[in-house]
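We count residues from 1, following the sequence as given.
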Amino acid sequence: MIIVDTALAQREAEGNPIRVALVGAGFMGRGFVNQVTNSVPGMVVAAIVNRTQANAERAYTEAGTSEWEVCEDAAAVDAAVEAGKAVITSDHKAVTEAGSIDAIVEATGAVEYGAHVVANAIEGGKHVVLLNAEVDGTVGYALKQRALAKGVIITGCDGDQPGVQMNLYRFVKSIGLTPLVMGNIKGLQDEYRNPTTQEGFAKQWGQDPYMVTSFADGTKVSFEQALVANATGMTVEKRGLKGADHREHIDTATKLYDVEQLKELGGVVDYVVGAQPGPGVYCFATHDDPKQQHYLKLYKLGDGPLYSFYTPYHLCHFEVPLTVARAVLFGDYAITPAGKPTVEVITVAKRDLKAGDTIDGLGGYDTYGQCEAAGVTADEGLLPMGVAEGCVLRRDVKKDEYFTYADVELPQGRLVDALREEQASLA
């Protein structure tokens, strides 16, 4: 943090701010614009891409920006940015192809559209920060390889639980311990929530009911923990994760795990429901040196063999600008796949469905996501949650039944399916 804020202060002093384009002016996107505009020296939101112009206007207005220029292509974006004007556009290519933009923040939560944005941003030589765990958890490794070939960074973000977990993981490793469990503290888990049951909560906080449902039904936590697994090389203890109901302090959840099993698996991702302090994240780690174990006990970390570390909050959009700075100024990732996926998010029926039905979107009425080991997912032909939307069922599927590729007809011509094939072919 000290390095990042010092570097941003220097960019501010030089009059050379990082110029960011936001794609997706929803709840989190608006928060990001406000944060950068009013609290982050050395960075500006130069452009907002949104297919509904009024939403982009709202994001700027709420942040205190009252004037902007509507642009249709990259040349117009570059001219406006050079003139010091804020930009609104409905075409993401106008910013991914603009030379004046340093980085793209993708915050739509949409898989197919998000994949197009990211692929075009990489091709345009832009660093990419994902406020879109769904894209990352579905085709993140393929997109990273494309980014490496172009010499740019694609990274998940600080502030969201995966990024917070990865920062904690890196810290724990840096002081000599071996992380064996990376986890998420949830307040609720109910696979059968839907946009109707979550409408009131969504309205209270000004959020989208489908997004809120994905938090409640386990889809979001599944994507988040898949990202952490893929960044650390960890796996899952069981399909769907253990997900224990644990109404105690997170320190006492170390007793839920068998250390030897964890070591044999190479570490696992997981979550608990109801633990304190929440909503936060945790890391359970071991240390093999008896001398260091003595110090850890002195410092109130307990007797082991699992030592508990946690961060008691996640601040989402507040921290995303730090990720932008890490990527642009230092070539650093908040969270990124370490190799081919070790964990996938698979599709499960939320209700009985009939042959001929078209599967709705994430956080909808039809499906929820669960974590599974990538090898099992491939061997059983299980349908990834990130490709399920828009698929047409070839057979009846019962509630809580897992979908396979054989069960569905894929929509034609999607980039996400091409990226899945590309990802499977990578070493």
Side-chain angles (χ1 to χ4, degrees), residues 22 24-35 50-52 54-59 61-63 107-111 113-114 131-134 137 157 159-162 164 184-225 240-241 243-247 271-281 312-318 320 345 347-353 357-370 385-386 388-390 399-400:
L22 170 72
F27 181 74
M28 287 297 169
R30 294 195 306 273
F32 171 77
V33 175
N34 187 62
Q35 179 70 8
N50 208 82
R51 289 176 284 189
T52 302
N55 291 345
E57 293 175 350
R58 177 184 176 185
T61 300
E62 289 182 356
T108 66
V111 177
Y113 177 75
L131 253 173
N132 190 332
E134 295 79 5
C157 61
D160 211 0
Q161 286 98 325
V164 180
N184 205 321
I185 302 171
K186 291 200 64 181
L188 169 70
Q189 175 81 356
D190 180 356
E191 291 82 357
Y192 311 115
R193 295 296 178 102
N194 61 51
T196 300
T197 65
Q198 302 311 109
E199 184 177 4
F201 182 91
K203 186 176 295 185
Q204 177 186 354
W205 293 100
Q207 293 181 276
D208 176 69
Y210 283 79
M211 182 62 72
V212 169
T213 299
S214 76
F215 300 154
D217 71 9
T219 300
K220 178 65 79 170
V221 74
S222 297
F223 273 110
E224 290 172 346
Q225 296 315 100
L241 308 180
D245 189 279
H246 189 76
R247 308 284 164 166
Y271 69 92
V272 294
V273 177
Q276 297 299 322
V281 303
Y313 52 79
H314 62 283
L315 298 175
C316 276
H317 74 273
F318 286 94
V320 175
V345 181
T347 311
V348 194
K350 190 178 286 188
R351 60 181 180 177
D352 291 348
L353 297 168
D357 286 347
T358 300
I359 299 173
D360 66 4
L362 301 171
Y365 295 88
D366 294 343
T367 62
Y368 61 93
Q370 287 191 334
M385 187 68 175
E389 182 177 356
K399 181 179 178 181
D400 293 324

Discussion item. Within the 3.5 Å criterion, strictly below it, is a donor on Tyr192 or Thr197 matched to an acceptor on the partner's side chain?
Written reply: no

Worksheet entry | Residue pairs passing the salt bridge (Lys or Arg N to Asp or Glu O under 4.0 Å) test where at least one lies in residues 359-370, sequence neighbours excluded | Arg351-Asp366

Practice prompt. Mind listing the closest non-hydrogen atom pair of Leu362 and Phe223 along with its distance?
Written response: CD2-CE1, 4.3 Å

Discussion item. Restricting to non-hydrogen atoms, name the atom on Pro209 and the atom on Pro195 that form the minimum distance, rounded to 0.1 Å.
Written reply: CB-O, 3.8 Å

Worksheet item: Going through the distances and angles, do Arg30 and Met28 end up as a side-chain contact (heavy atoms from CB on, under 4.5 Å)?
Response: CA-CA 5 Å; Arg30 294 195 306 273; Met28 287 297 169; over 6 Å; no

Item to complete: Report the C-alpha separation of Glu62 and Val33 in whole Å, then their side-chain angles, then the decisive distance to 0.1 Å, and conclude whether the side-chain contact (heavy atoms from CB on, under 4.5 Å) test is met.
Response: CA-CA 9 Å; Glu62 289 182 356; Val33 175; over 6 Å; no

Worksheet item: Any side-chain heavy atom of Val111 sitting closer than 4.5 Å to one from Glu389?
Response: no

Discussion item. Quick check for you: to the nearest 0.5 Å, what is the distance between Tyr368 atom OH and Thr213 atom OG1?
Written reply: 14.5 Å

Practice prompt. To the nearest 0.5 Å, tell me how far Asn34 CG sits from His317 NE2.
Written response: 6.5 Å

Identify every side-chain donor-acceptor pair in residues 214-222 under 3.5 Å, counting partners at least two apart or on other chains, and give the distances.
| unit_1 | atom_1 | unit_2 | atom_2 | d |
| --- | --- | --- | --- | --- |
| Ser214 | OG | Met211 | O | 2.7 |
| Asp217 | OD1 | Thr219 | N | 2.9 |
| Asp217 | OD1 | Thr219 | OG1 | 2.8 |
| Asp217 | OD2 | Lys350 | NZ | 2.8 |
| Thr219 | OG1 | Gly369 | N | 3.0 |
| Lys220 | NZ | Glu134 | OE2 | 2.7 |
| Ser222 | OG | Gly218 | O | 2.7 |
| Ser222 | OG | Gly369 | O | 3.1 |

Worksheet item: Is there a side-chain contact (heavy atoms from CB on, under 4.5 Å) between Glu224 and Asn184 once you walk through the steps?
Response: CA-CA 9 Å; Glu224 290 172 346; Asn184 205 321; 2.9 Å; yes

Worksheet item: For Asp190, what residues pass the salt bridge (Lys or Arg N to Asp or Glu O under 4.0 Å) criterion, not counting sequence neighbours?
Response: Arg193

